[in-house]
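Every number for a ligand or one of its atoms is a count from 1 in the order of the listing. Every value quoted in this text rests on a predicted model; they were computed, and no experiment measured them. What you see below is based on every heavy atom in this structure, not just the backbone, and it leaves out hydrogens, waters and symmetry mates. The chain is numbered in sequence order, starting from 1.
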Amino acid sequence: MPLAGYAMDARHSRGRRYPEPSHPYRNDFARDRDRIIHSRAFRRLQEKTQVFTVRFSDHFRSRLTHTLEVAQIARTVAAALGLNQDLAEALALAHDIGHPPFGHAGEAKLDELMRAHGERFDHNLHALRIVEQFEQRYLDFPGLNLTFELREGIIKHSRSWTPEEFPEAAEYEPALRPPLEAQLIDLVDEIAYNTSDIDDGWESQLLPLEMILEETPRLSIIYREIDRLYPAARVKLKLLETIKRVLDHLASDLISTTEKNIVSHNPATPHDVRRFPVSLAGFSPDSASWSAGLKSFLHRRLYNHPDLVEERDRCVTALEQLFYFYSEHPGEMPPLHAALAAEQPRHRVVCDYIAGMTDRFLMKEHARTVGGAAS
Ligand code: MG
């Protein structure tokens, strides 16, 4: 399918920081996608928590498999809208690479620790530093040397910000919207976790079926319909079919609502998309409230479940202790980080080192250092 006029064509990219010759059969966004897949930060997603730490089970989503689900939905939605699938896929694959260990709780703790030094920790900004500085795999440039649109999509993922907040990101024009491919990612992310977390929540036995049906009325209508058609089927299969239909409904709604917005505002180019005062990608009010209902149910019953909170608190305490430990003993970090800590603000080097860790490595390091000293 040809790209729509409002789609981001790789040939119109603002390009890379370090110019490179074009590739004979991959466009620049396809190359960006491949570089992300080959990065260490991407591989480390396999050992980072989505909701459940590895202690619970090894068949729940990790941040890596969640990312693959987001990429798959993003490609489908982008294709249906005539958008650039390579760009949407690359942005989806990169959307969580800046996450520190232990998900949002780890991010909040690192932010708190950095605020004590008058700085911040933000996973989007961290992702940008990963792709610009920390990844070292090419002879001719630091980082992955991604296109402007990839870097812009990373820093504009999930929220807007002011130039005062992130002065280092001023080149990404915070007053403008990113292209539609980037606008989709946050919504597709929401579709992915609101559905998969119901699945993993039920599978973990932290969310009983009765509770799900009672507290998510729209989902329960679908479940009861399936139950009427397949009364003898296993609950697990009926629930999976329900979740599949919810996902399909939300993705279809995202496509049709975004399409309507495109038709009524008629952007001819990505430039028009950028200059439009609000995002053109979105859910209908009905689906937005359905999705918000699922999100608040998951917060109430799953993310704040005592078993998860206890595990999370234990992990976040380990992260905090490790932060103080390295700050006092920078020589306990690998030589490269130890050397950096002598030149740069130590808390920044420690924060970057910890943020890059997988959950498992952090707990192992904690046991080797703080844990060993305490016991
Ligand atoms: Mg995500």
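- Side chain of S279 to main chain of A281: no donor-acceptor pair is present (N/O by atom type, distance under 3.5 Å, no hydrogens or angles).
- The name of the N, O or S atom in H95 nearest to the Mg ion (ligand 1) is NE2.
- The N, O or S atom of D96 lying closest to the Mg ion (ligand 1) is OD2.
- Between Y353 and F361, the ring planes are perpendicular. Angles over 60° get that label, and only those under 30° would be called parallel.
- Between the side chain of R33 and the backbone N or O of D86 there is no donor-acceptor pair closer than 3.5 Å.
- Taking the six-membered ring for Trp and the full ring otherwise, H104 and H99 have centroids separated by under 6.0 Å.
- For the pair NE2 of H66 and OD1 of D189, the angle at the Mg ion (ligand 1) is about 70°; rounding is to 10 degrees.
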